[in-house]
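Report on the structure given below.
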Amino acid sequence: MTLVLQDISKTVAGQTHIHNTDLTLQKGTMNVLLGATLSGKTSLMRLMAGLDKPTTGKIFWNDADVTGMRVQDRHVAMVYQQFINYPAMSVYDNIASPLRLQGKSKDEIDMAVRKTAVLMKLTPHLDAKPLALSGGQQQRCALARALVKDAGLVLLDEPLANLDYKLREELREEIPRYFEASGAIFVYATTEPEEALLLGGNTVTLYEGRITQFGKTPEVYRRPCDRITAQVFSDPPMNFMAVQKAGSRLNFEDGQSAPAPDGLADGHYTAGFRPHHLEIHRRHKTEMEFKCRLMVSEITGSETYLHVEHKDERWIVQAGGVHDVRSGDALSVFLDPAHVYLFDGDGALAAPAGFGRGA
Amino acid sequence: MEKTLNQKAWFLVLPVFLLVAFSAVIPLMTVVNYSLQDTFGNNKFFWAGLEWYTELLHSERLWSAFGRQIIFSAIILAIEVPLGVFVALNMPKKGVWASLSLVLMALPLLIPWNVVGTIWQIFGRVDIGLLGHTLAALGIDYNYTRDPLAAWVTIITMDVWHWTSLVALLSYAGLQSIPEAYYQAAKIDQASRWSVFWFIELPKMQGVLMIAILIRFMDSFMIYTEPFVVTGGGPGNATTFLSIDLVKMALGQFDLGPAAAFSLMYFLVVMLVSWVFYTVMTNLDKKAGY
Amino acid sequence: MAKITLSKLAHSYLPDPQGEADYALKEMDHIWEDGQAYALLGPSGCGKTTLLNIISGLLTPSNGRVLFDDIDVTQAPTAARNIAQVFQFPVVYDIMSVRKNLAFPLRNRGMDRASINTRVEAIAAMIEMTDVLERKAQALSADAKQKISLGRALVREDVNAILFDEPLTVIDPAMKWALRTQLKSIHAALGHTMIYVTHDQTEALTFADQVVVMFEGRVVQIGTPQELFETPAHTFVGYFIGSPGMNVLDARVEGAFAYIGDEKIALGADYGRPGGKVQIGIRPEFVSLQSQTGMAAKIHRVEDVGRHKIVRAELCGQAVNMIAPEGTEITAEAARIQFKPDAISVFVEDWRLEPGERVQG
């Protein structure tokens, strides 16, 4: 099974929601659509589902053109941010409903429903009405309905956004397991980089209606192809600084320098580095030191976020442990050059971080 | 960009097209046809060109009916919209009383128009009507068949009674969609009742109010049944609104040509005014964005 | 600005509550100190919104009193309490400009024009909206609108407290960082008493000086982020704070050692011989992979979350999560793990046991 989007685009009332895009999703893969609100995640999903017709391009399902086909005739299941269940039916009937539509026998339905209920931890609630359940259980019921359908394509549009933080953590851990059991193509939209990393599989990063990168999740995270992708895939946001390459050296601000990667042309670049790679104590001799001023510090108990100002740039330092530093204080931060990405003037990746090169 | 559009879908719309053609387009074309010709009966027609239109445009009868119509629509809008909003603001928001008031408000809307007319025709009669008799007993000279003012008051009161509920129900729906947090925030900001209405409730009701005004305008502009039943357009021509005049012309005098021209112009005027209403309101909406 | 005292406060939504179970908010005493930033943290239905509504005056508690600077306001309506609130969704007056939105609470209180202007300009600068002051609020993005709500809450200098009801729900992750730090700087600059309700631990911990953790209508712990992380008073706090939460394992405790199956774990202090339901807790951050020594564990999954790896393992039939640094290679299914002794908590019937403390009954 494959889903192929060929030169797809979508324009609504003169506004481009999705720019021309090619994308191929393979059977049995988890694909995360990662991007901010209005970056085109939902628009892309609606095109995949057949809820909207693309303005240009074609969609193939197992090599068959399904571009104009109605959503009802495709084998698609969808779960939304809102908990959508049939309120008047019991959880059992909710899960059974797609199977009844498929005309399955009573025994077949009963078996499938009970099996899915066990997987989704819904067995004790089968006779309850969805609205009597907690938010997490309601969303499990909606997920169960999507899974039991045995659809080839399962679309999940920010399914955990309306849940409590801890419930999210629980379901995030569970969802990859359901997915492994089903073998369908999963597409999962989220605004949160951490969610993408936890789900694994592949990630499609979206920015203003454009796919900026598609690849294995850790690879996209460690080798973002441009500055925008790096920004989309960093939480807390990535830090930036201007650098200059001259000869065999990379010259950073504050008189710091590091060996330049091979084959990089001389000139100006933007260095990008993630907050957890900034340290507040020197650990290696190769680390560069930058003099900053602390604006705000946030302590979570296990980590400390230090919001610092370096020249005109604002950086975030994510340091392990608890550090009590007062706002306004001068503070040195240390950066291992192995964690620095270099972007050229157009924002394209000029050199990946040495650390992630193996990934 | 190459498009492979499937045109088959158009065939599915064909039956509807045929239906609309028979029910609307063909009769309309017949009216256009009539409006350009003259007849003395026997199904014989003579080409009249735009003669009926010019004649109508200079007809005092039409202009006075038009004037009455505008005044009537303006008055009922001026009463029904604020009154409807006021009623909606004072309706209970939840519980049994909310349901009860909704049913009560919906009642007038369920009564057929000619029955509304008949009710008020009897209600206002001086000899047997509760209203007319009471007013007469109080020494007020009220007789809608003789006095034009009384006739107007009766018809307007009747329309307000009949249709304010619609505005109220629509406004109520708009009010119900305002999240509780807005009222809470207003309390915290110590906003006055008037500020809450002006800055929270009215902006949130804007959409439904526009629809209410549009419906009430079109409807009142074409009012026929109720004044026909109550006053028959009298006394004199005091309550002869456009549609009553039109029917008089077409059926009473059988002046098919002028009547046809009249209805076309009527149709255009309603369309034009509705369109103006709509664009002005939506533009206001857009402007509010900047 | 004021000190807020909750005295023997409890609330039930039932007209005639019988037992403790009928109370959505169990009896509590608490003082919110003047000028402090607090977070009320807990899952849905833990009573945090009930408590917030009691403080704001939307709800009259069935028992107890609420005092603002020692004045009883239990029966006082919202408008009389002189508080400000920021809601889950941005509440702005759409047809007003940003400037008028900010000025609104001051105009309603009859402040003179010049003072209003100075104050509005100052707040606009603080929330970084000076250049959009004349724009209609309606046309702005969700996070800009939420900043206006925040600005309206800050504009009055004399408010007793500012209440936040999950204010960052509709904000994108990247924007959350910016808004949160802004809020934090504002608190440092103005020193209002702030109470921030959320289910998101990161928001609660990063915002507050003191976090109040609620669970099933009860306050289970009040403490600094560090205290909640290092010494949770209840297994729920252990689970709810941290991501993943604390590993809580059934164990037998004898003196300075805990026993899980055949494994013997050093505790770093003497706990006596507690009875009842005994558990030990260890944060994933303090579980380490060893090459030679340590307890035998089975590794199920490794999740790479970028800055570190989460290892999901099993120790004597019980699930254990651990955090390994970025770049750690984990290939084997079997591994040896070790707990950092002084980072282990002991819980009896879900409540924390301090070394040397005797368990009742």
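Below, read A as the first sequence line, B as the second, and so on, with proteins coming before strands; counting in each chain starts at 1.
- Residue A:Gln231 does not touch chain C at all, counting heavy-atom pairs closer than 4.5 Å.
- When C:His308, C:Arg312, C:Gln226, C:Arg307 are compared by the number of non-hydrogen pairs under 4.5 Å with chain A, C:Arg307 comes out ahead.
- With chain C as the partner, the residue from A:Glu173, A:Glu170, A:Arg314 showing the most heavy-atom pairs under 4.5 Å is A:Glu173.
- Rounded to the nearest 0.5 Å, atoms CD1 (A:Ile316) and CZ (A:Arg274) are 13.0 Å apart.
- Atom CE in C:Met214 sits 9.5 Å away from atom CD1 in C:Ile222 (nearest 0.5 Å).
- When heavy atoms are compared at a cutoff of 4.5 Å, A:Ser297 approaches chain C solely by way of its backbone atoms N, CA, C and O.
- Side-chain atoms of C:Gln36 and C:Gln210 include no donor-acceptor pair closer than 3.5 Å.
- In this structure, chain A has heavy atoms under 4.5 Å from both the backbone and the side chain of C:Tyr239.
- For A:Pro176, the part lying near chain C is the side chain, with the backbone staying farther off; criterion is any non-hydrogen pair under 4.5 Å.
- If you tally non-hydrogen atom pairs under 4.5 Å between each of A:Ala161, A:Pro237, A:Pro236 and chain C, the highest count goes to A:Pro236.
- When heavy atoms are compared at a cutoff of 4.5 Å, A:Glu195 does not approach chain C at all.
- Residues C:Lys184 and A:Glu298 are not paired through a salt bridge, judged by the lack of any N-O separation under 4.0 Å between the basic side chain and the carboxylate.
- When the shell of 6.0 Å around NZ of C:Lys309 is examined, it contains more than 12 heavy atoms from other residues, nucleotides or ligands.
- Side chains of C:Thr50 and C:Tyr13: a donor-acceptor N/O pair is present below 3.5 angstrom, by distance only.
- When heavy atoms are compared at a cutoff of 4.5 Å, C:Arg283 does not approach chain A at all.
- One finds no salt bridge joining A:Glu194 and A:Arg168 here, because no Lys/Arg side-chain nitrogen approaches an Asp/Glu carboxylate oxygen to under 4.0 Å.
- In terms of non-hydrogen atom pairs under 4.5 Å with chain C, the most contact-rich of A:Gly320, A:Ala36, A:Gly301 is A:Gly301.
- Chosen from A:Gln318, A:Glu192, A:Met295, the residue pairing most often with chain C at heavy-atom distances under 4.5 Å is A:Gln318.
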Apply salt bridge (charged side-chain N to carboxylate O under 4.0 Å, His left out) to A:Lys166 and A:Glu169, showing your working.
-> CA-CA 5 Å; A:Lys166 270 285 153 177; A:Glu169 233 171 69; 3.0 Å; yes
